[in-house]
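These values consider heavy atoms only, across backbone and side chains, with no hydrogens, waters or symmetry-generated copies. Keep in mind that what you see is a predicted model, and the values were worked out from it rather than measured. Throughout, a chain's letter reflects where its sequence line sits, starting with A, and its residues are numbered from 1.
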Amino acid sequence: MCFIYALLIIPYIVGMYFAIPAAAFAAGVIYAVGIPACYVIGLFKVLALRPDNLPTRPTWYPERKDGQEPALLGYFYGFRSPAFAEIHHVILVARSRAIDFVRLGRKILKSGFTGRPKARIITIPLSAGAAAGLGVGIAVGAIGFVAIAAVHAVAATLVFLIMAAVGLTLRLIDTALLRIKNIRMVCPHCFERVPYPAYKCKSCAETHKDVRPGRFGIFRRRCLCGTALPTLLLFRLASSDKLDAYCPLEHCKQPLEHRPGEAQEIVLPFFGAADAGKTRLMYGIVALLRATRSLDAELADSATAASLNNVREWLAPGVMTGKTLTGLPRGQIVRVTSKNAPRLLQFYDTAGERFIAAETTEELRFLTKARTFILVIDPLSVESLWQSLPRERQAELAAIRSKPAGNDTVPSPELAYQQTHQQMEAMGVKLKKARLAVVFSRADILDNVNGESAEEWATDTLGLGNLIRSARLEFGETAFFRTASVISDSGELHPSIAELTRWLVAPNGITLPETQNWMARA
Amino acid sequence: MKNDEYYFWPRMWILGITLLALAFIVLLVFGWRP
C-alpha cells in the first residue's frame, strides 16, 4: 500500500512543481493587470459612460456658489476645478472596483482551503501558490493603479497649465490691443474709468461682472441659462448680440449702451458761466458731425438719442435753448466713424452754476478723464463790452444775455474759468498735457471784429487779457474761437462751428473736410 | 443647462489624452522607440 502511495506522490509532486508556480503566476498577472484595469474602467465610467448608479462624487467637487458669476465653472481651470475633482472621483470608483476584485480573489483562494476535503490535497497547494502570486500581483497592480492615476493627473495639470497660459496670453493681448488703440473706457453716468465692462446676458438678464478668461471659461463662458458668451473684447464682445454692457462699479451699474471697448473714447467737457451758450454749442457740434458727408455720426445710446435727435430744430433762428439742469450731467455719446476707426465722443454739458463753487465742481470727475476742454464765454456777460453797446442794442440783447436764475449779477466768465481750472489742477489733471478751446459765443450778433483774431478781440475789446494769458500759461495747447451755434434761415450751419470742431477732433484721427455744404444732410 | 452636457467634450479630451499617454508609456516599456 505504501508502495502505491509512493508511486502516486511522484506525479503529484511533479504536477505541483509546475502547477503551483503557474497558479502564482496567473494570479499575479491577473491582479497586476486587473487592478490598473479597474482605474481605466473607472475612467470610462466617470468621464464617458456616467451610468445612473455612479458612486457619489467627492464632497469637495466644485460647485458655483451664490453670489459668484452666473456661469458654469470651466472644466480644467484650477486645481480645484471639476477636472481634478473627477480624478478623485475616478480614484474612488476604481478603488471600490479594485477592492471588490481583490475580495473575489480572496474568496476563491479561501474556498481552496475550505472546499471539499478530498480535493484539498490539490486545492490547498494551488491556493497557497495563488495567494503568493495574488500578493505580488496586488502590489504590482497597486503601483500600476497609482501610475495611471498619476498620468491622468499630469494630463489634467498640463491641460490646465496650457489653458491658464492661453487665458493669460489672451488677456494680455486684449489689454495690449486696448492700449494700442488708445481705448480707455469711461462711464458716462459715474465718470469713472471702466476697467472692463460688466455684461448682462440678454437671454436671462443675469449680470456677469467679469467675463474675461478665467475659471468660468477661456474662449467663451456658458451662462447658467445655457447661452455661450464671448470672454474678451478681442472676440467681438462689444458687438455681441447676446450681451448688454453695464458699468461694473458697485455704486453705478448703469447700462453702457454705446458698446464700450471697440472705439477710442474722447471726453469733451464744456465749462463756463451759466447761460454762456455751452448747450447750444454742443448742439451745433453734434449737428455738424451728423451733417458731414465724409463721417458717419450716430447717437450712440438711447439717452443721447432722446436729447440730441432734434438738435437742428434747437439751432433754428430765434429758438432759445432750455436751461441746463444743475444736477450732474450725463455724457452724451456720439459714435463718429471716418475712414479710420470709429470714435466715441462723450460730450459733458454741465450747468454753469456748478462751476462757481469747488464742492460742485469737484463732483465733475469726468474732468480728470478729458484731454481737451471747451471753455465757453458769452461776450455779452463781459461788462466792458456790454457798456460799450448803444442803449437800443442793449435793450435788444438783454433777453439773451447771461443771467443766472434768482440773481441779478451777470455771471463772470473769469470766475468760472479760474474756479474750474484750479479745481482741475486739484483733481490731478495735467493741464500742461491738455488742450483748451476758448470759445466766445454769439458771433452772429457781434460780427464786426475789424479783422482781429479772436484772441486779440478778447484781449482788446473784452478786456479778458488775464484769462487769455492764464489759459496760454496753464494749458499745453490753447486756441481761441468765435462761434455762433445757429442755423441760418436758409438752413446752413454757421461755419465757425466747423472750424472749432475740426480743432477739437483733429488729434483723434477724425478729419473734417475743409469745405462742405452743411445743409446737405439733416 | 446640465453640467454633464457642458463637460462632455472636456471629459472626452482628458480621457483621450490620458489613454494616449498610457498607450505611449506601455509601448515605451515594451521596447518601442519613436
Side-chain angles (χ1 to χ4, degrees), chain A residues 33 36-37 39-40 42-50 52 54 57 61-64 70-77 81-87 89-90 144 147-160 162-163 201 203-204 216-218 220-228, chain B:
Chain A
V33 173
Y39 193 94
V40 176
L43 262 179
F44 275 93
K45 281 181 90 171
V46 173
L47 299 181
L49 304 171
R50 301 199 64 82
D52 293 335
L54 195 64
R57 55 198 189 181
Y61 193 96
E63 297 282 2
R64 183 193 157 271
L72 296 178
L73 287 168
Y75 187 73
F76 288 109
Y77 207 88
S81 64
F84 287 88
E86 286 190 350
I87 294 174
H89 196 189
V90 171
I148 297 178
V151 169
H152 185 188
V154 167
T157 305
L158 281 177
V159 175
F160 159 51
I162 290 167
M163 299 278 266
C201 174
S203 305
C204 65
F216 295 98
I218 301 296
R220 57 182 190 170
R221 63 164 55 191
R222 183 81 63 169
C223 182
L224 291 180
C225 70
T227 311
Chain B
M1 181 69 195
K2 285 265 179 87
N3 281 10
D4 275 1
E5 191 189 322
Y6 183 50
Y7 293 154
F8 178 79
W9 285 112
R11 282 176 176 144
M12 289 301 109
W13 270 103
I14 192 66
L15 180 63
I17 292 168
T18 307
L19 292 179
L20 273 175
L22 284 176
F24 185 69
I25 290 165
V26 168
L27 286 173
L28 284 179
V29 167
F30 282 95
W32 178 77
R33 291 291 174 268

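In terms of the side-chain hydrogen bond (donor to acceptor under 3.5 Å, both in side chains) criterion, residue partners of A/Ser203 (sequence neighbours excluded) are, by chain and number, A/Thr227. Partners of A/Phe84 under the ring-ring contact (aromatic ring centres under 6.0 Å, His included) rule, at least two apart in sequence or in another chain, are A/Phe79.
Only the backbone of A/Val46 comes within less than 4.5 Å of a heavy atom of chain B; no side-chain atom from C-beta onward does. Residue B/Leu20: no heavy atom, backbone or side chain, is found under 4.5 Å from chain A.
A/Tyr75 contributes atom OH, which lies 14.0 Å from atom CH2 of B/Trp13 (distance to the nearest 0.5 angstrom). Between the CG atom in A/Leu43 and the CG atom in B/Leu22 there is a gap of 7.5 Å [rounded to 0.5 Å].
Within a 6.0 Å radius of CH2 in B/Trp9, other residues, nucleotides and ligands contribute 12 heavy atoms or fewer. Within a 6.0 Å radius of CZ in A/Arg64, other residues, nucleotides and ligands contribute more than 12 heavy atoms.
Within the 4.5 Å cutoff, the side chain of A/Leu73 has heavy atoms near those of the B/Tyr7 side chain.
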Test side chain to side chain contact (heavy atoms under 4.5 Å, CB included) on A/Val40 and B/Thr18 and set out the steps. CA-CA 10 Å; A/Val40 176; B/Thr18 307; over 6 Å; no
Please tabulate, for the side chains in residues 147-158 of chain A, all donor-acceptor contacts under 3.5 angstrom to protein atoms that are two or more places apart in sequence or on a different chain.
unit_1   : atom_1 : unit_2   : atom_2 : d
A/His152 : ND1    : A/Tyr39  : OH     : 2.8
A/Thr157 : OG1    : A/Ala153 : O      : 2.7

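For residues 23-30 of chain B, a heavy-atom distance under 4.5 Å to chain A picks out B/Ile25, given by residue number.
The two atoms that bring B/Met12 and A/Leu47 nearest to each other are CE-O, 3.5 Å, heavy atoms only.
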